[in-house]
Amino acid sequence: MQPYQREFIELAIEHKALCFGEFTLKSGRKSPYFFNAGKFQTGAALAALGRFYAQAIENARVDYDLVFGPAYKGIPLATTTAVALADHHGRDLPYCFNRKEAKDHGEGGTLVGAPLQGRILVIDDVITAGTAIREVMAIINAAGATPAAVVIGLDRQERGQGEVSAIAEVEKSFGIPVISIINLGHIIQYLETESGDAAMVAQIKAYRETYGC
Ligand code: OMP
């Protein structure tokens with residue numbers, strides 16, 4: 001685990017963005033942990049988050065023309081990542097996000113920011129079964145742009161619609177890499193060394209046995 005990945009886990013736990021308990025996921029799965037990117041609620045936390053996303057992107061060496069944040073949670077994530085890419089990596093690139101409801105007055109439409117064109121780097125929170133990210137790909141295709149990569153905070157390493165991982169399905173369907181700051185393995189590794197809560201680690205491992213890949 002790299003230092004920035006450990007710092008990301010520590011920040012997520014500190015802000016209760018990474019929680020342990022019993023949670024029902026969008027897919028209906030009952031999970032002993034949940035990642036809620038909406039819990040990074042201060043300027044400093046968002047700035048750190050942007051640096052972690054930017055670091056993961058730099059490490060992956062992908063080529064892209066625009067940073068895209070899907071509504072709603074992807075919007076602040078893409079914004080802070082675009083700032084961190086410019087401030088820390090010398091990459092001043094356009095960014096854009098969508099609304100969930102089309103605006104029928106003023107400038108209208110569902111897209112805000114730079115024109116959605118070229119190779120698109122999508123910034124999102126989590127992929128579990130891959131439903132949400134497929135909707136994003138439809139937006140990119142409808143605009144005539146090309147997906148370049150998807151970057152998420154946490155790869156839950158779960159099965160998608162078939163037997164392989166949701167991430168592998170997305171990578172195969174759209175021919176793009178999915179980059180993550182951390183995955184479930186990093187969380188388990190962190191908890192095993194730092195938390196001393198063997199029961200919680202056992203629950204998470206049991207969940208991974210059931211839904212992991
Ligand atoms: P999929 O559409 O199944 O890939 O689930 C992704 C979405 O689930 C995310 O965009 C979140 O809305 C939500 N989610 C989390 O935010 N954190 C989690 O730890 C798990 C989920 C989830 O419901 O699977």
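Order of appearance sets the numbers: ligands from 1, and atoms from 1 within every ligand.
Partners of Lys172 according to the salt bridge (Lys or Arg N to Asp or Glu O under 4.0 Å) rule, which considers only residues two or more places apart in sequence or in another chain, do not exist here. Annotation: ring pair (Phe, Tyr, Trp, His ring centres under 6.0 Å) contacts of Tyr95 (sequence neighbours excluded): none.
No path of Ile, Leu, Val, Met, Phe, Trp and Tyr side chains, each step under 4.5 Å between heavy atoms, connects Val83 with Leu121, placing them in separate hydrophobic clusters.
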Per-pair distances, ligand 1 N/O vs protein N/O, less than 3.5 Å:
from	atom 1	to	atom 2	distance (Å)
ligand 1	2 (O)	Lys26	NZ	3.1
ligand 1	2 (O)	Thr131	N	3.2
ligand 1	2 (O)	Ala132	N	2.8
ligand 1	3 (O)	Ala129	N	2.9
ligand 1	4 (O)	Thr128	N	2.8
ligand 1	4 (O)	Ala129	N	3.1
ligand 1	4 (O)	Gly130	N	2.7
ligand 1	10 (O)	Asp125	OD1	3.2
ligand 1	16 (O)	Phe35	O	3.3
ligand 1	17 (N)	Phe35	O	2.7
ligand 1	19 (O)	Phe35	N	2.9
ligand 1	19 (O)	Arg156	NH1	2.8
ligand 1	23 (O)	Lys26	N	2.7
ligand 1	24 (O)	Thr128	OG1	2.5

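Side-chain contact annotation: Arg156 with Ser31, donor-acceptor N/O pair under 3.5 Å present. Between Tyr211 and Gln157, the side chains place no donor N or O within less than 3.5 Å of an acceptor N or O (distance only, hydrogens not considered).
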Can you give me every donor-acceptor pair (side chain of residues 10-18, partner residue at least two apart or in another chain, under 3.5 Å) with its distance?
none

